[in-house]
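Next up is a structure, given as structure tokens.
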Amino acid sequence: MEPHFAGVSNVSISAQNGSNISAPVLSNLRVTGNINITNYFTESAAEITDTTTLITEYKKSILSEYAYLTEYTSRAGEQVLLNDRYIDPMIVQRHNEREEKEQEMRSRGEKFFSFRTNQCTKNISLDRFFSPESEAHKDVPRAVILQGDSGSGKSITAQKIFLDWASGELYAGLFDVVFYLRCQELNNLSGEMSLAEICDCSLTPNEIAQILKDTSRRTLFIVDGFDELILSAPKDSLPPKPDIKGRPSTILCSLLKGRMMRDSCMLVTTRSAAVDNLQGVLKKPQRFMEILGFSEKGVIEYFQKFFEDEEFSKQVYEQVKVHEMLYTVCFIPVFCWIVCTIFKKKGKDGVRTSELTTTTSIFVDFMFTILKHHCNLDREKEFDLLKSLGQLAETGMPKRQILFHRSSLPKAISDVPNIPFLCTFRQQDRTFLKEMFGFMHLSFQEFFCALSYMLTDKSRVKITVKELLESAGNGRCNNHLLPVIRFLFGLSNKKVSRLFMGNNSGRHLPSFGRSWRSGSAECY
């Protein structure tokens, strides 16, 4: 029987999930019949967690997952704390003029790092990435591009930003939530997904969708490795909302363009070769920055962190500093890590005695580290790439040319989407911008020039090397070719040749019967 109020019949009161209802206040009324009160709230609605709690739990998971690094030589279960390796790199916003670029690439040792010291005055710290340009220009960039060469520290810097946000040390008053997207991982995803599903983390897609809805104006997306992204065909429509599904690369393009989550901010890392493509798909206003690697102070700090033992760190640093070429290229974080790893393996006794390893072998280690971890080529294409890099280096050495037009690049180089070992430089010529390419430093051009002789036809290499050695023996060799000759003997070292046998399809490097100078192949 329905409840009966005097003068009122068939009263029905209901509420939707998530709503409130207040009972009417009735007085001096007689109620007859059965009264039944039913709760129609579902369990899922009752369990909805507030956004602040979700973000707090999300931060805890980030601190656990991203606090560690897996290094190139790490075995299963071996990791190091990111903060035990991370050193602030040099990051600048201005573009060098051609003369400045060439001067830095040619300089070595103390002179090289003096250029770095001058550039330190223009260094931008991580906390200023999204700051206004100046008091006069208060616009805040919605998209920041962090460009750099292979091994320059782009990814570890992006991870450091993510970790510091989660710990409350960075962007605490600027971004409520930060999501980290690796383009290499997005390439491996198949099928159609929403943005919430692409932001794979400790949260569920529904929880991510709730956060995106509540924090759309204070959200930062870190997109790491844009140059590795395989873009969808242009005909794909760009979904305007985070809950619409599409191919992962299409969803990311919609995010980059600002069609989706237009009020959010972006931090995108990329290699220099892909900057032009990125600028065409990225929303504005933009801020362009370049990561240059370590300053001299940064190299010292890296050694100290890596070895922990202060005395041992000083010994290694002083020994590396004596080798001007090794010391110079330690500005590249990956190269610096390789040097420290080799020294650490030898231990303290090795440092106090004699040479730990040859300069050439460290360059070879660096070359194969970049090929393995920063490229995606089969072995045949790797070999073609090395030969082409060698040809390019050899072309420039006699003329002392260190910057090349794209038209000068061999096909095996220009066809590679992510060109390793080369940096991109844009030179302004009147009203035009010319794209130029150069090796990371002159030392690498000298190394690849020597490598080209070793990888070419045997009859030709014998004639070329003979001419080089004769000119050196007669005192007619220009000083700028001496490092090439040293690298030649370093590459003819049997130990170094075995590195190629282990890394490059068993290809052998030729060796010389007699060394130009006693022991030159062993010490270089």
Side-chain angles (χ1 to χ4, degrees), residues 44 48-49 51 54-55 58 61-62 65-66 130 141-147 154-155 158-159 161-162 165 175-271 273-286 376 417-418:
S44 59
I48 290 180
T49 309
T51 302
L54 287 176
I55 293 176
Y58 174 49
S61 69
I62 294 171
E65 182 179 353
Y66 287 84
F130 293 91
R142 306 306 296 175
V144 172
I145 300 172
L146 183 61
Q147 173 255 320
K154 300 183 298 296
S155 291
Q159 185 174 334
I161 290 171
F162 193 39
W165 167 79
F175 300 117
D176 291 329
V177 66
V178 179
F179 291 103
Y180 193 105
L181 302 173
R182 289 189 178 92
C183 291
Q184 192 175 51
E185 293 178 359
L186 293 183
N187 290 335
N188 297 326
L189 299 178
S190 59
E192 295 195 338
M193 307 174 73
S194 67
L195 175 61
E197 291 171 319
I198 289 176
C199 295
D200 184 31
C201 60
S202 61
L203 302 172
T204 66
N206 285 340
E207 290 171 335
I208 295 173
Q210 179 185 335
I211 290 174
L212 292 177
K213 180 180 178 182
D214 293 344
T215 63
S216 60
R217 289 181 177 273
R218 293 170 60 85
T219 301
L220 171 66
F221 291 95
I222 298 175
V223 180
D224 189 20
F226 172 82
D227 53 282
E228 300 176 88
L229 183 67
I230 301 174
L231 294 171
S232 301
K235 64 180 180 181
D236 287 3
S237 60
L238 300 180
K241 296 182 179 180
D243 57 345
I244 299 177
K245 294 190 176 185
R247 287 197 280 182
S249 60
T250 304
I251 296 293
L252 184 58
C253 281
S254 182
L255 190 65
L256 291 169
K257 279 182 173 288
R259 181 168 174 77
M260 181 189 298
M261 300 289 294
R262 67 175 67 249
D263 293 324
S264 65
C265 287
M266 311 288 300
L267 170 62
V268 188
T269 73
T270 184
R271 290 193 209 176
V275 167
D276 287 342
N277 293 335
L278 174 58
Q279 286 180 315
V281 300
L282 192 59
K283 63 185 175 184
K284 296 176 176 62
Q286 300 173 357
N376 188 24
N418 302 319

Note to self: For I222 and L181: C-alpha separation, side-chain torsions, deciding distance, then whether side-chain contact (heavy atoms from CB on, under 4.5 Å) applies.
What the structure shows: CA-CA 6 Å; I222 298 175; L181 302 173; over 6 Å; no

I want to check something: taking the side chain as every heavy atom from C-beta on, are L252 and F226 in contact at a cut-off of under 4.5 Å? no

Between Q286 and I145, the two heavy atoms sitting closest are OE1-CD1, 4.1 Å

Value for OG1 (T51) from CG (L212), rounded to nearest 0.5 Å, stands at 10.0 Å

(Q) Test your reading of the model: is there a side-chain donor-acceptor pair from N187 to the backbone of E228, 3.5 Å cut-off? (A) yes

Tightest non-hydrogen contact, residues P141 and C265, listed as O-SG, 4.1 Å

Residue pairs meeting salt bridge (Lys or Arg N to Asp or Glu O under 4.0 Å), one or both in residues 190-215, sequence neighbours left out, come to E197-K245

Quiz item: Hey, is the main chain of D227 close enough, under 3.5 Å, to the side chain of R271 for a donor-acceptor pair?
Solution: no

Heavy-atom nearest pair, L256 first then M266, reads CD2-CE, 3.5 Å

d(I211 CD1, L203 CG) to nearest 0.5 Å is 4.5 Å

- Query: Between the side chain of W165 and the main-chain N/O of F175, is any donor-acceptor distance below 3.5 Å?
  - Reply: yes

Between A196 and A209 the two heavy atoms that sit nearest each other are CB-N, 4.1 Å

Take I251 and M193, measure what side-chain contact (heavy atoms from CB on, under 4.5 Å) needs, and give me the verdict at the end. CA-CA 8 Å; I251 296 293; M193 307 174 73; 5.9 Å; no

(request) Would you check if the side chain of S254 reaches a backbone N or O of P239 as a donor-acceptor pair within less than 3.5 Å? (result) yes

All heavy atoms of K283 vs all of K257, minimum pair found to be CB-O, 3.3 Å

Decide if atom CD of Q184 counts as having more than 12 heavy atoms of other residues, nucleotides or ligands within a radius under 6.0 Å.
no

Show, in sequence, the C-alpha distance, side-chain angles and deciding distance for L195 and F179, and conclude whether the side-chain contact (heavy atoms from CB on, under 4.5 Å) test is met.
CA-CA 11 Å; L195 175 61; F179 291 103; over 6 Å; no

Contacts of D224 meeting salt bridge (Lys or Arg N to Asp or Glu O under 4.0 Å) (sequence neighbours excluded), chain-then-number -> none

Taken to the nearest 0.5 Å, the spacing of C199 SG from L255 CG works out to 7.5 Å

L238 and C253 have their tightest heavy-atom pair at CD2-CB, 4.0 Å

**Message:** Take a 6.0 Å sphere around CG of D276 and say whether it holds more than 12 heavy atoms from other residues, nucleotides or ligands.
**Reply:** yes

Distance col, row T270:OG1 vs N277:CG, nearest 0.5 angstrom, shows 8.5 Å

dist T219:OG1 -> M261:CE (nearest 0.5 Å) comes out at 4.5 Å

key: side-chain contact (heavy atoms from CB on, under 4.5 Å) between C201 and Y180, intermediate numbers included   = CA-CA 9 Å; C201 60; Y180 193 105; over 6 Å; no

Worksheet item: Is T269 reaching over with its side chain to a backbone N or O of G225, donor-acceptor style, under 3.5 angstrom?
Response: yes

Value for CD1 (I62) from OG (S202), rounded to nearest 0.5 Å, stands at 7.0 Å

Checklist entry - Do the ring planes of Y66 and F162 sit parallel (below 30°), tilted (30 to 60°) or perpendicular (above 60°)? => result perpendicular

